[in-house]
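Scope of the values below: all heavy atoms of this structure, side chains included, with no hydrogens, waters or symmetry mates. Here the structure is a predicted model, which is why all the values come from computation and not from measurement. Proteins come first, then strands; the chains are lettered A, B, ... in the order of their sequence lines, and each starts at number 1.
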Number of protein chains: 2
Amino acid sequence: MVKRSELIKGSTDSLLLCLLGQQPMYGYQIIRELEDRSQGYFRYKEGTLYPALHRLEKSGLLTAQWHTASGGRQRRYYHLTEKGRTMLVERRSQWLDFLAAMNTIIQPVSA
Amino acid sequence: MVKRSELIKGSTDSLLLCLLGQQPMYGYQIIRELEDRSQGYFRYKEGTLYPALHRLEKSGLLTAQWHTASGGRQRRYYHLTEKGRTMLVERRSQWLDFLAAMNTIIQPVSA
DNA sequence: CGCCTATACCTAGAGAATCTAGGCAAAGTA
DNA sequence: TACTTTGCCTAGATTCTCTAGGTATAGGCG
C-alpha cells in the first residue's frame with residue numbers, strides 16, 4: 001500500500017493560510033479547491049481538514065462566519081485575521097527555507 | 001515557542017535514503033552531515049534518527065554493519081539495499097510531485 | 001589520576017498530525 | 001421515493017517527532 005507521500009505532513013497549515021489569504025472559503029470548498037488546483041494531488045479528508053481549521057481558528061489565525069447560500073444551505077466561511085496574514089508571510093518564508101535545505105541534500109539526478 | 005517548521009515532518013526517510021545512497025554512514029555521522037550540508041537547518045535529535053534508521057532497516061531498505069574505528073569505538077554503518085535504491089528513485093520522484101503540487105497553491109509573492 | 005566533553009549507541013513516553021470510519025442533515029436529481 | 005452530493009462534525013487508531021533520559025568509551029586538561 002503505497003501512500004501518496006509522507007511529505008504532505010506538516011504542509012496543511014501553510015496551504016490553508018495561502019488559500020484563505022486569497023479569498024474566504026468554506027471547508028468543503030477548500031477540499032475541492034486544493035484538489036482542483038493541484039490536479040488531484042491534494043485530496044484532503046474531512047477528518048484532516050476540519051480539525052485543522054478549528055486548530056487555526058483557536059490559534060487566532062482564522063475567524064469563521066456562517067452564511068446561508070441561495071439554496072438555504074449553511075456554510076461556514078473562514079478568513080484570515082491580521083495574525084493569520086502575518087503567519088502567512090512567515091510560512092512562505094519557512095517554505096523557502098525548507099526548500100533550500102532540502103535541495104542541499106536531495107540533489108537532482110544528473111543525466 | 002516557534003518551531004522551525006512542521007514541513008520537516010515526513011521528509012526524514014527521503015533524506016536518509018538520499019544521504020546513504022551517496023555513501024554508507026553511521027548514525028552520529030548522519031546527524032552531523034545533515035546539519036553541515038544544510039547549513040544548520042536540519043538538526044535531527046537522536047530520538048528521531050535512530051528509530052527512523054531502525055524503521056528503514058526493518059522495512060528492508062537499509063542494512064547495517066558494525067565496524068570498529070581506529071580508536072576502538074564501535075560504529076554501526078548503514079547502507080542501502082537494492083530495495084532501498086529503488087525506493088530512493090521513487091522518493092525523488094515523489095518529492096518532485098510534491099514540489100509541483102505545492103507550487104500550484106503557494107504562489108510566490110509577486111513584487 | 002579525576003573530571004569533563006565529545007562521541008556513539010539506545011529507548012520509553014508524551015505530543016501532535018493525519019487517516020479511518022463513522023454520524024447528521026439538507027438539497028438536488030432520477 | 002431513493003440516491004447522490006453537499007456540508008458540517010467527531011472519536012479513536014496510527015504514525016512521526018521530540019523530550020528526556022540511560023549506557024559506555026575516547027580524549028583533553030588540570
Under 4.0 Å from OP1 or OP2 of [N]: is there any side-chain N or O of [X] that close?
X: B/Arg75; N: C/dC10; value: no
X: B/His54; N: C/dT11; value: yes
X: A/Thr12; N: C/dT18; value: yes
X: A/Thr48; N: C/dA17; value: no
X: B/Tyr28; N: C/dC9; value: no
X: A/Arg32; N: D/dT5; value: no
X: B/Arg55; N: D/dT17; value: yes

Under the rule for side chain to side chain donor-acceptor pair (under 3.5 Å), what residues qualify as partners of [X], not counting sequence neighbours?
X: B/Gln23; answer: none
X: A/Glu33; answer: A/Arg37
X: B/Arg75; answer: B/Tyr26
X: B/Gln74; answer: B/Thr68

Query raised in the report: When all nucleic acid strands are considered with a 4.0 Å heavy-atom cut-off, which category describes B/Glu46: base, sugar-phosphate, or nothing?
Result: base
Distance in angstrom units between [X] [atom1] and [N] [atom2], rounded:
X: A/Leu56; N: C/dT18; atom1: CG; atom2: C1'; value: 14 Å
X: A/Arg43; N: C/dT20; atom1: CZ; atom2: P; value: 13 Å
X: B/Leu49; N: C/dT7; atom1: CG; atom2: C1'; value: 14 Å
X: B/Phe42; N: D/dC16; atom1: CZ; atom2: P; value: 17 Å
X: A/Tyr50; N: C/dC19; atom1: OH; atom2: C1'; value: 16 Å
X: B/Ile31; N: C/dC9; atom1: CD1; atom2: P; value: 8 Å
X: B/Lys58; N: C/dT11; atom1: NZ; atom2: C1'; value: 14 Å
X: B/Gln74; N: D/dT23; atom1: CD; atom2: C1'; value: 14 Å

**Report entry** Contacts of A/Asp97 that satisfy side-chain contact (heavy atoms from CB on, under 4.5 Å) - sequence neighbours left out
**Finding:** A/Ser93, B/Tyr41
Query raised in the report: Who pairs with B/Thr63 by side-chain contact (heavy atoms from CB on, under 4.5 Å), at least two apart in sequence or on another chain?
Result: B/His79, B/Thr81
Might you list the N or O atoms of the protein lying below 3.5 Å from N or O atoms in nucleotides 11-13 of chain D, with each pair's distance?
none

Query raised in the report: Taking only residues two or more places apart in sequence or in another chain, which ones pass salt bridge (Lys or Arg N to Asp or Glu O under 4.0 Å) with B/Arg32?
Result: none
Using the 3.5 Å cut-off, write out each protein N or O paired with an N or O of nucleotides 24-26 of chain D and the distance between them.
{"from": "D/dT25", "atom 1": "O2", "to": "B/Arg73", "atom 2": "NH1", "distance (Å)": "3.0"}
{"from": "D/dT25", "atom 1": "O2", "to": "B/Arg73", "atom 2": "NH2", "distance (Å)": "2.7"}
{"from": "D/dA26", "atom 1": "OP1", "to": "B/Gly71", "atom 2": "O", "distance (Å)": "3.2"}
{"from": "D/dA26", "atom 1": "O4'", "to": "B/Arg73", "atom 2": "NH2", "distance (Å)": "2.7"}

Query - Inter-residue atom distance A/Leu34.CG - A/Gln29.CD, 0.5 Å rounding - result: 10.5 Å
Report task. Determine, for B/Glu57 against B/Arg76, whether the closest basic-nitrogen to carboxylate-oxygen distance falls under 4.0 angstrom. Result -> yes
Query raised in the report: In terms of the nearest nucleotide of DNA chain D, which residue is placed more toward the 5' end: B/Lys45 or A/Tyr26?
Result: A/Tyr26
Query - Under 3.5 Å: donor-acceptor pair, side chain of A/Lys83, backbone of A/Ser59 - result: yes
